[in-house]
Amino acid sequence: MPSTLQRDILGISVPEKPNTGKKFYLETFGCQMNAHDSEKVIGTLVHEGYAQVDTVEEADLVLYNTCSIRDKAEQKVFNRLNDYKKFQKQGKKFGVLGCVAQQEGEKIFERAPYVSLVAGSASYRNLPQMLVQLEAGNSRVTGLDDRQTSETFDTEFTARTNKHRGYITIIEGCDKFCAYCVVPFTRGKERSRTSESVLAEARRMAEAGFTDVQLLGQNVNSYKDPSGEMSFAELLAAVGKVPGIRRVRFTTSHPRDFTPEIVTAIETVPTLCDHVHLPVQSGSSRVLKLMSREYTREKYLECIAWMKASKRRISITTDIIVGFPGETEDDFQHTLSLLTEVQYDAVFAFKYSPRPNTPAITMEDSITEEEKSSRLTRVLDHQREIQRANYQHHLGEIAQVMVEGRNEARGQLLGRHSQNKTVNFTTNALIQPAIGSYVDVRITKALPNSLVGEMITV
Ligand code: SAH
Ligand code: SF4
Ligand code: F3S
C-alpha cells in the first residue's frame, strides 16, 4: 500500500519532491477526524519526499496521531511510546500528533525524552516547516500555538486509503465546551471551510472515481460558510448533486444546531444517505444541563420527530455517556426510556471518564466504577433488544449495497447499506461484483448488528 500512496493520492499523481530516502511509520488512534487528518498528514509527508512504511522497524520517523477523549485512549498512547523506547538507540525520531499532543504539550518531552516532535491538529498546515526543523536536528519541535487560528488544513495531498469512499472535512474544532469533553481544548476553535473549496474537493474526488463521500466535523451542522453562500443543508444538497457522487454521509451532528432543512435535504436529494448520527449523551434534562449540552430531552425529541415524519425512513444512531457526575438511577432510567422512545439503529455508549481541563473535572466523580459498568451493560443489553426488533423491518427489502470486500472463508461478499449498516451477501453470478460497485441485494435475514442477503442477478 505505501508505494501506491505515492502514485495515487486522490487518484492524481502527486508532484513529489525528490525522494529524500526518509521513511515514516504512522499509527492512528481516535475518531474519523483523526483518521482523515492522518490521510492528509501522509499526503503531506509523501509530497515532502518521505515514503510510508508498514513497521516501526523500517522507519526513520515514527508518528502517532493520538486521541485523548477518554483516559483509556490516552493511556494507550503512552503505553505505545513505552513499548518503542528500545528504538531510541537506533536513532529513530518519534513524533506525537493529535489530541494528546495538544493536551499534554511540551510535558511529553519530559515523559518521553526520545520524542522530538509534538504537534496538535490545528498546526498541521505547518508540517513541512516542522519537518525541516526535525531534519536540522532540532530535538524539540512543536506545533502547539494554533488553537485560536481561523485557518483550516486544506490540502490537495490527501492519501485516501479507500478508492471509492472518502472523507471531506468541512469544519474543524469545536466551540461547544460540553462539561466532560476535551475536544475544544485539543482541536481549537470552530472554523469552517468555504463551500466553494468543499465542493471543489468533492468534484476532484468524483473525477478520481470516488462515489461515496462523508462530510466530517465534530459538529458538521454548526457549519458556517465563511463566504456566507450556503447553509449546512444547502451544502449537503450541493455535494449530493456533484456528478458521479452516489452517496453523501455526514457526521457528527449536534442536536442544538439540527434543523428541519437537513431532513428536507435528505428527503429531496436521493444521494444523501438516510442516516443521521445525533449524539444525545443522556435522556435526562437535568444531566444534559449539568453537561452543558444546551438542549433538553424535549428539544432533542423534537429533532427526532422531524426525522420520523420524513417520507424517507431515516436511520438514527447516537452516543451515550453513563455515570456522569451526579447521574442518579432515576436519570439513568430516563436514558433507557429515551432509547425505547427513539428506537435507535445503533448506540455507542461510554463510561464517563474525567478529563484534564474540562469543567466536569471539578465535579466529584461520584459514581463508582462498578456502577458505571453496570449502567453501561444495561444500556447495551437494552439497545440490543431494540436493534433485534428494529433490523427486522429490512426483511424482504431490496437494498442497494456498495461492495466493500469478500469473506472468502464464508463464501460471502461484504457491503454497506445506505443506512451505514453492514450487509453480508451471497451471489450466484458467474462474475463477482467489483469492490466499490453497487449491487441490489434482497435481505433475507436480520441480525442485531448486520443484515444478510442474496444479490439479485438478472
Ligand atoms: N462532537 C460529537 C462527539 C465527540 S466525541 C458530539 O458532540 O456529539 C465522541 C463521543 O465520545 C461523545 O459523543 C461522547 O459520547 C463521548 N465522550 C466524550 N467525552 C467523554 C468523556 N469524558 N467520557 C466518556 N465519554 C466521552
Ligand atoms: Fe465535545 Fe461537546 Fe464539542 Fe462534541 S460538541 S466535540 S461532545 S465539546
Ligand atoms: Fe479523540 Fe481527538 Fe477525535 S480526542 S475522539 S481524536 S477529536
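Each ligand, and each atom within it, is numbered from 1 in the order the structure gives. Everything quoted here is computed from the prediction, not taken from an experiment.
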Under 4.0 Å between a side-chain nitrogen and a carboxylate oxygen: does that hold for Arg375 and Glu327?
yes
Decide yes or no for Leu26 and Asn65: does some side-chain heavy atom of the first lie under 4.5 Å from some side-chain heavy atom of the second?
yes
Excluding water, the protein N, O or S atoms sitting under 2.8 Å from atom 3 (Fe) of ligand 2 are Cys174 SG
Counting each atom of ligand 3 from 1 as listed, which ones have a heavy atom of Arg187 under 4.0 Å away?
2 (Fe), 7 (S)
Is the shortest distance from a heavy atom of Gln32 to ligand 3 less than 4.0 Å?
no
A cation-pi test, strictly: NZ or CZ of Lys421 under 6.0 Å from the centre of the six-membered ring of Tyr391 and no more than 45 degrees from its axis. Yes or no?
yes
Side-chain contact test, heavy atoms from C-beta onward, threshold under 4.5 Å: evaluate it for Leu235 versus Leu199 and give yes or no.
yes
I need the Ile316 CD1 to Ser253 OG distance, nearest 0.5 Å.
11.0 Å
Going by heavy atoms in the side chains, are Leu447 and Gln387 under 4.5 Å from each other?
no
Within 45° cone and under 6.0 Å: Lys22 NZ/CZ vs Tyr50 ring:
no
Among Phe24, Tyr114, Phe87, find the residue that satisfies the ring-ring contact (aromatic ring centres under 6.0 Å, His included) test when tested with Phe94.
Tyr114
What distance do Leu338 atom CG and Ile320 atom CD1 have between them, rounded to the nearest 0.5 Å?
6.5 Å
Between His417 and His275, is the ring centroid distance below 6.0 Å?
no
Answer yes or no: are there more than 12 heavy-atom neighbours, outside Asp145 itself, under 6.0 Å from its atom CG?
no
With a cut-off of 4.0 Å, which atoms of ligand 2 are near a heavy atom of Tyr180?
7 (S)
Sorted by chain and residue number, the residues having a heavy atom closer than 4.0 Å to an atom of ligand 1 are Ile69, Arg70, Tyr180, Gln218, Asn219, Thr252, Pro279, Gln281, Arg293, Asp319, Ile321, Phe350, Lys351, Tyr352, Ser353, Arg355
At what distance, to the nearest 0.5 angstrom, does CZ of Phe210 lie from CZ of Arg246?
15.5 Å
Is it true that the NZ or CZ of Arg111 lies under 6.0 Å from the centre of Phe78's six-membered ring and within 45 degrees of the ring axis?
yes
Smallest separation among heavy atoms of Ile386 and Leu339, with atom names:
CD1-O, 3.4 Å
Provide the tally of protein N/O/S atoms nearer than 2.8 Å to atom 1 (Fe) of ligand 3.
1
Could you establish whether Arg187 and ligand 2 come within less than 4.0 Å of each other, counting only heavy atoms on the residue side?
no
Sequence neighbours left out, what pairs pass ring-ring contact (aromatic ring centres under 6.0 Å, His included) with at least one residue falling in residues 315-342?
Phe324-Tyr352
